[in-house]
Each structure stands twice: as structure tokens, then as C-alpha cells.
Amino acid sequence: MKTAFVTYMGNNRYLYGVLALYQSLKEHKNERQLVVLVGPAVTSQVIGYLKEKPVILKMVDEIGNPNREVENDTRGVKFMYSKIRVFELFEYDKIVYLDADMVVCENVEDLFDKPHMSAVIAGKLLRWDWRDFNSGLMVIEPEPSTFANMLATITVLPSCDGTDQGFLNSFYPHWKREESLHLEHRFNLPASWLEHYCKSYDFEFEYREEGLHAKNVSVIHYIGPNKPWDHDAAELGKLKTMDRYQQSVALWWDYFHRSV
Ligand code: UDP
Ligand code: MN
């Protein structure tokens, strides 16, 4: 079976994220290769940086976002629909897609045992009414007919949030009821909610001078407009005074620094 981790970079801004993600996968002995889908807005200089890493670069054409959210776009929603090209990687039997704003805290290769469209309702432990999957981490078995159907419905199906995630949830309307596809929360944990998750549920996360201690935290997702690379590492202060979100940002920076 041909398998790989996959991430996507629509523009130069996410280079930092790809490097930290790559480093985190490597440090936790995730042996499969990382494929990086690279959109047309990425410059040749940035592609040059990526070529220094043993990752597989795959140039992809843009899939335009048809929603009105692209007007006054502050978070790059313009670039997000092209992520759907992960469903076009027919040369692979199974892939694990991770957003470029994620890092792993341990080996996650058991995800390759999960079925097509396994994903997490990220954040559900705080928002009980959420039922959609988060498209930041998905287990995918690429199929030509599925991808053709996606392309054919891209301008037809609604996207509740104006991103690929809303579209994909419209495309898979029965996902909500297919509980065998609902992955454990540990595979897609919003960084800003680590504090709450650890205080209220069976999660543990500490990143201190002694290193990383995590329980039920396998993949951290820095969801939202502010990414770890927007925080100045020097301004974070001392590890022992940080809350869990800040600790997760410090962890991200340490992965990043070790990658460059
Ligand atoms: N992305 C990108 N450039 C952008 C915005 C998004 O390359 O300007 C890609 C990147 O892989 C990112 C994914 O699309 O991880 C989804 O966007 P993001 O993670 O920012 O959304 P969030 O998880 O915050 O909802
Ligand atoms: Mn993301």
C-alpha cells in the first residue's frame, strides 16, 4: 500500500508552518514521507527552501474559492479551496492530510489504519452543538470518481464558513452520523483550548524546561487568524510562567528552530 503524509502551502506565509510540521513528524519517528502540495502563488525562492528538506514537492493548480468570503479576506480563504487537491493524489492508496498550522506531539502512524474520511469534530468538547468535521486533519483514500464529483459540485454546494471545510461537510452530508469516522480529539486539538481541555477532561499537556509531557494530545492545531509564527518567540517569556497555549507556541517555535 502506498501511503504518505500530506500538507498544503498556498502561499509563502505558510512556509514556517510546513517546516515546523515536517520537523515534528520527523522527531516522533513518523517514517512516511511528507508530500507538500505547493500552490501557484508560492515563489521560487520559497520552493528553494523547501527543496533543502527531504519532502516531496507537488505543484498544484489553484481551485478558486467561489464564496463571497474572498472579498475582504484577512485569513487567506482565497487559498483554501486548493487544499481539495489532496483528493487528487491518486498515486497513493491512503494519505493522512495535515494542515500546515499543525504539529504532532507523538507518532501518529496508526492513523493509516483508519478509514477514508476519518476526521475530528475539533473543539466539540467546548461546543457541544458542533457536528461538522474539521478539515485540518483527514485520512483520505484518493479516488478519481470522488475528486471528479468534487470538482463538478464545487460551485454548487454551499460552504457554511466560506472555506474548503464547509464545502467538504456539504459534500459528505452523512458524515455526522457515521460515528466510525469520528476520530478521537487527540488527533486535532485546538491550541487555544488546550487549557480548558486539560482542566476539564482527560488531557495533559506541559511543555517546560524538562521537555514535553502530553497525554491524549497527539496533534496540536493552531486554528485561527494568529499563527505561531505571528508571535515573536522572544516575547513569550519564561516557560514556567506560560499558560498551555503559550507553551504550545513555544513548542512550535522549538520545532521550527530545529528545522532551520
Ligand atoms: N493556507 C495557505 N495559505 C493561506 C491560508 C491557508 O496555504 O493564506 C492553507 C494551509 O495549509 C492552512 C490551510 O490552508 O493550514 C487551512 O487554513 P488555516 O489553517 O489557516 O485555517 P484554520 O485552521 O485557522 O481554520
Ligand atoms: Mn488549520
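Please read these numbers as outputs of a predicted model, since none were measured by experiment. Values below: all heavy atoms of this structure, side chains included; hydrogens, waters and symmetry mates excluded. Count residues from 1 along the sequence. Whatever order the structure lists ligands and atoms in, that order sets their numbers, starting from 1.
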* Minimum-distance pair of heavy atoms, taken over all atoms of Asp99 and Leu21 ->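 Smallest interatomic distance, heavy atoms only, reads O-CD2, 3.8 Å.
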
* Closest heavy-atom contact between Val219 and Met102? ->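 Smallest heavy-atom distance, with atoms named: CG1-SD, 3.9 Å.
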
With a 4.0 Å cut-off on N to O distance, would you call [X] and [Y] a salt bridge?
X	Y	value
Asp101	Arg75	no
Glu71	Arg68	no
Glu91	Lys58	yes
Lys83	Asp164	yes
Glu210	Arg208	no

* Asked: Hey, mind stepping through Tyr222 and His231 against side chain to side chain donor-acceptor pair (under 3.5 Å) and telling me if it holds?
  -> CA-CA 12 Å; Tyr222 302 87; His231 299 270; over 6 Å; no

* **Those protein residues which place at least one heavy atom below 4.0 Å from ligand 1** =>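 These residues qualify: Tyr8, Met9, Gly10, Asn11, Tyr14, Arg75, Gly76, Phe79, Met80, Tyr97, Asp99, Ala100, Asp101, His221, Ile223, Gly224, Lys227.
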
* Which atoms of the protein, restricted to N, O or S, are nearer than 2.8 Å to the Mn ion (ligand 2)? ->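 Correct list: Asp99 OD2, Asp101 OD1, Asp101 OD2, His221 NE2.
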
* Quick one: does Phe87's side chain get under 4.5 Å of Ile140's, heavy atoms only? ->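 A side-chain contact under 4.5 Å exists here.
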
